[in-house]
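Quick note: residue numbers are just sequence positions, from 1.
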Amino acid sequence: MLREFQIVPAQQALNQHQVQIKVLESEEAFMDMIGTDGYFYVHKGDLHLEGDLILDTDKLDKMPDGRPLQGFVVIGHLTVDGGILNEEGDYGPFLYVAGNLTCRNLLIGGAPVRVEGNVNVAEVIMLHYNHGWMRCDGIFTAPIMVVEDYYLMPFRKEISQFYYNDRDPESPEINQCGESDDGSPVISENLRMLLSNPMTTDFEEIRRDLAAGESVIQPQERPLEYWRNKVRRNWRDLKRVPMEMRTNNLCQEAMAYYIGALQYFPPGAITPELATAAAARDGKALRYLPPELITRELCYIAAEHGAILKYDIPERLYEHALLCTVIKKNDWQMEHVPVVFITEDMLVLYVKSGRGAWLDRYCQQSGVSKQKVLERVIADDIKYLENIFNWHLSPATYAYARQRYDKPEYAEMWEALQQRFARKIGRLSTPPL
C-alpha cells in the first residue's frame with residue numbers, strides 16, 4: 001500500500017471530489033469504464049513522492065477485500081522524483097491531479113489522466129496506444145514529447161528538443177518515423193541523437209526503458225550484468241547489447257526465451273551445429289539463419305518442429321516429401337504449397353491431418369479427383385471417418401464408408417459413428433436404407 005494516500009471507497013471519493021465529471025469525455029464514459037466498485041487512493045494537499053509512481057494495475061498491491069484499485073486522486077500539486085509509469089497500453093488506474101504535475105519521466109498508456117494545472121517533465125513525455133486518454137488544462141513542458149496513436153485532448157505545449165505526434169498535422173515532418181530494411185518502424189534520427197543508447201531504434205524500446213525506471217537521455221554505465229537483466233526481461237534487447245558484450249552465454253540465454261534472438265547473434269556466431277540445434281528446438285529458426293546455412297537436411301528438421309513454409313523454408317528447397325512433412329504437422333500450411341507440387345498423395349495426407357477445409361479448391365487447381373482422394377482416406381483406416389463425417393459427408397462418401405466398414409469386425413466403431421452423426425446422416429439426400 002502507498003502510505004501517502006488514504007484508501008477511500010470509490011463511491012465515497014466520487015461524492016467528495018466529483019472526479020467522474022473531470023476524467024474521461026463524460027460522466028457516462030467514466031461510469032462505463034471505471035464505475036463505483038473498488039477503491040481510490042486519495043491525497044488531500046500537495047504531495048511529493050520519492051521514486052516512481054506506478055500506474056500498471058498488475059504491479060499494484062491488492063486492496064484489502066480484493067476489490068480493484070480504480071484510481072489516484074491528488075487534491076493539490078503532485079511531484080514525483082522518478083517517473084509516472086504506465087507501460088500497459090490497454091488499461092490502468094486513472095490519475096487525477098487538481099494542481100500541477102511534476103516528474104522526471106511521464107509514460108502513459110491505458111490509464112486515463114487529468115491534470116488541471118501544468119505538466120512539467122524533466123526528460124521524456126511518452127503517451128502511447130489508442131486505449132488511453134489524457135487532458136492537461138495547463139501547459140506540457142518537457143525536452144522530449146512523443147505521442148503515438150494516443151487520444152490526447154487539445155493542449156498547449158513548450159517542448160524544447162523533440163516533438164512527435166502522429167495525430168497532430170503540425171508535428172514536424174523531420175521528426176516522423178522511417179522504416180528499416182525489413183519494414184520495421186525506426187524513430188527519427190533527431191530523437192536518436194538525444195538518447196543515451198545509440199542502439200535504440202524504436203518507440204517500444206524507449207517504453208521498455210522508461211517502464212524500468214531508467215533515464216533514456218542521461219549517460220549511464222551499462223555493464224554486462226545490466227544487459228543480462230534487460231535480456232531476461234525481454235529477449236529483443238539483445239539487439240541493443242554492444243557487440244563486444246554479446247557473449248555466447250548471453251546469446252544462448254536470449255534464444256532460450258525465443259528463437260528469434262538468433263537474428264541478433266554476432267556475425268559468425270551461428271555455426272552449422274548451432275543452426276541444427278536451433279531448428280530442432282523451433283523450426284522458425286530458419287527465418288533468422290544466414291542463407292548459406294539452410295540446407296535440405298536442415299529444412300526437414302525444421303519441418304518436424306513447426307517451420308512455416310511462407311517464412312522459413314526457401315522455395316528453392318521445396319520437394320514433395322518435405323512439403324508433406326509440413327502438411328502432416330499443420331494442415332493449414334497447404335495454402336502455401338505451389339500448385340505444381342500438389343498431388344493426390346498430398347491431398348490424402350491433407351485430409352487425414354485435419355479438416356481438409358479447402359479440398360475442393362486444391363483439387364480444382366491440381367486436377368485431382370476429390371472423390372478419389374476421399375475414398376482413399378476412407379479406405380486407409382476407419383479412424384479417418386471422424387474427419388470424413390465431420391467435414392466431407394455426402395451420399396457418395398457415406399455409401400463408400402458403409403460398404404467398407406459396415407461389417408462385423410468393425411461393428412462397434414461403425415455403430416458409434418452411426419449414433420454420433422445420426423442427424424447429419426439423416427439429412428443426406430439419399431438416406432441409407
Next on the checklist: Let's go through L347 and C363 carefully: what are the C-alpha distance in whole Å and the side-chain angles of both, what is the deciding distance for side chain to side chain contact (heavy atoms under 4.5 Å, CB included) to 0.1 Å, and is it a yes or a no?
Outcome noted: CA-CA 8 Å; L347 292 175; C363 285; 3.9 Å; yes
Item to check | Stepwise side chain to side chain contact (heavy atoms under 4.5 Å, CB included) check, R240 with K230 | outcome: CA-CA 10 Å; R240 298 194 288 160; K230 294 288 282 188; 3.8 Å; yes
Item to check | Pair F30-F94, ring-ring contact (aromatic ring centres under 6.0 Å, His included): steps then yes or no | outcome: CA-CA 10 Å; F30 183 96; F94 74 86; 5.6 Å; yes
Checklist entry - Should Y39 and Q6 be marked as a side chain to side chain donor-acceptor pair (under 3.5 Å) after you check the CA-CA gap, both sets of side-chain angles, and the distance that decides it? => result CA-CA 10 Å; Y39 297 91; Q6 286 183 297; over 6 Å; no
Checklist entry - Passes side chain to side chain donor-acceptor pair (under 3.5 Å), Q176 versus S188? Steps please. => result CA-CA 6 Å; Q176 299 303 306; S188 165; over 6 Å; no
Checklist entry - Can you list the steps and then say if R192 with T200 is a side chain to side chain contact (heavy atoms under 4.5 Å, CB included)? => result CA-CA 7 Å; R192 288 186 68 182; T200 298; over 6 Å; no
Next on the checklist: Set out, in order, the CA-CA distance, both residues' side-chain angles and the distance that settles side chain to side chain contact (heavy atoms under 4.5 Å, CB included) for F72 and Y96, then state yes or no.
Outcome noted: CA-CA 6 Å; F72 292 77; Y96 169 76; over 6 Å; no
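The backbone N or O of H392 sits less than 3.5 Å from a side-chain atom of T397, completing a donor-acceptor pair. Here the side chain of N390 pairs a donor or acceptor atom with the backbone of E386 at under 3.5 angstrom. Without hydrogens or angle criteria, S171 side chain to N165 main chain gives a donor-acceptor distance under 3.5 Å. Checked by atom type and distance alone, the side chain of N118 never pairs as donor or acceptor with a backbone atom of N120 at under 3.5 Å. Using modelled atom types, no side-chain atom of D56 and backbone atom of D58 make a donor-acceptor pair closer than 3.5 Å. Looking only at distances, no side-chain donor or acceptor of E179 sits under 3.5 Å from a matching main-chain atom of S184. Between the side chain of Q12 and the main chain of P9, no donor-acceptor pair closer than 3.5 Å is present. Between the side chain of N86 and the main chain of E88, a donor-acceptor pair closer than 3.5 Å is present. Side-chain N or O atoms of N130 include none that pairs as donor or acceptor with a backbone N or O of Y150 at under 3.5 Å. At least one donor-acceptor pair under 3.5 Å links the side chain of N175 to the backbone N or O of Y163.
When the shell of 6.0 Å around NZ of K310 is examined, it contains 12 or fewer heavy atoms from other residues, nucleotides or ligands. Atom CE of M33 has 12 or fewer neighbouring heavy atoms from other residues, nucleotides or ligands inside a 6.0 Å radius. When the shell of 6.0 Å around CD of E28 is examined, it contains 12 or fewer heavy atoms from other residues, nucleotides or ligands.
With hydrogens and angles left out, the side-chain atoms of T343 and H320 include a donor and acceptor closer than 3.5 Å. Counted by atom type alone, H131 and D90 present one or more donor-acceptor pairs between their side chains at under 3.5 Å. Remark: the S196 side chain and the Q218 side chain contain no N/O donor-acceptor pair separated by less than 3.5 Å.
Residues F162 and P172 fail the side-chain proximity criterion, which asks for heavy atoms closer than 4.5 Å. The shortest distance between side-chain heavy atoms of R114 and V97 does not fall below 4.5 Å. Residues Q161 and N190 have side chains not in contact (no heavy-atom distance under 4.5 Å, counting atoms from C-beta outward). Put simply, the side chain of M126 does not reach to within 4.5 Å of the side chain of I108, judged on heavy atoms. Two residues are said to be in side-chain contact when any heavy atoms from C-beta on lie closer than 4.5 Å; C299 and P314 meet this criterion. For the pair E205 and D202, the minimum side-chain heavy-atom distance is below 4.5 Å. Taking 4.5 Å as the limit, some side-chain heavy atom of V124 sits within range of a side-chain heavy atom of L210. In this structure, the side chains of S366 and M346 stay at 4.5 Å or more apart for every pair of heavy atoms.
A distance of 9.0 Å separates CD in E148 from CD1 in I206, rounded to the nearest 0.5 Å. With values rounded to the nearest 0.5 angstrom, L127 atom CG is found 8.5 Å from F155 atom CZ. Between the CG atom of L238 and the CE atom of M199 there is a distance of 9.5 Å, given to the nearest 0.5 Å.
A salt bridge does not link K372 to E375: none of the charged side-chain nitrogens sits closer than 4.0 Å to a carboxylate oxygen. Salt bridge R287/D312: present, at least one basic N to carboxylate O contact under 4.0 Å. Note on K59 versus E87: salt bridge recorded, some NZ/NE/NH1/NH2 to OD/OE distance being below 4.0 Å. By the 4.0 Å N-to-carboxylate-O rule, D52 lies too far from R104 to be salt-bridged with it. Looking at D237 and R208, a side-chain N of the basic residue comes within less than 4.0 Å of a carboxylate O on the acidic one, giving a salt bridge. A salt bridge between R207 and D209 is absent, with no side-chain N of the basic residue lying under 4.0 Å from a carboxylate O of the acidic one. Between E116 and R135, none of the side-chain N atoms (NZ, or NE/NH1/NH2) sits under 4.0 Å from a carboxylate O, so this pair counts as no salt bridge.
The aromatic rings of F203 and Y164 lie tilted to each other, with the angle between the two planes from 30° to 60°. Ring-plane geometry between Y41 and F5 is classed as tilted, the angle between the planes lying from 30 to 60 degrees on a 0 to 90 degree scale. By the 30° and 60° cut-offs, the orientation of the rings of W235 relative to Y258 is tilted.
P112 and V23 make their closest contact through CB-CG1, 3.9 Å (heavy atoms, listed as atom of the first residue, atom of the second, distance). For the residue pair T57 and P93, the shortest heavy atom distance occurs at OG1-CD, 3.4 Å. When every heavy atom of Y226 is checked against every heavy atom of Q220, the shortest pair comes out as CE1-OE1, 4.2 Å.
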Indicate every side-chain donor-acceptor pair of residues 327-339 with a distance under 3.5 Å to a residue at least two apart or in another chain.
unit_1 : atom_1 : unit_2 : atom_2 : d
K329   : NZ     : E304   : OE1    : 3.3
Q333   : OE1    : L309   : N      : 2.7
Q333   : NE2    : A307   : O      : 2.9

Please table the atom pairs, donor to acceptor, closer than 3.5 Å between any side-chain atom in residues 352-360 and protein atoms at least two apart or in another chain.
unit_1 : atom_1 : unit_2 : atom_2 : d
K352   : NZ     : D380   : OD2    : 2.3
S353   : OG     : L349   : O      : 2.8
D360   : OD1    : K370   : NZ     : 2.7

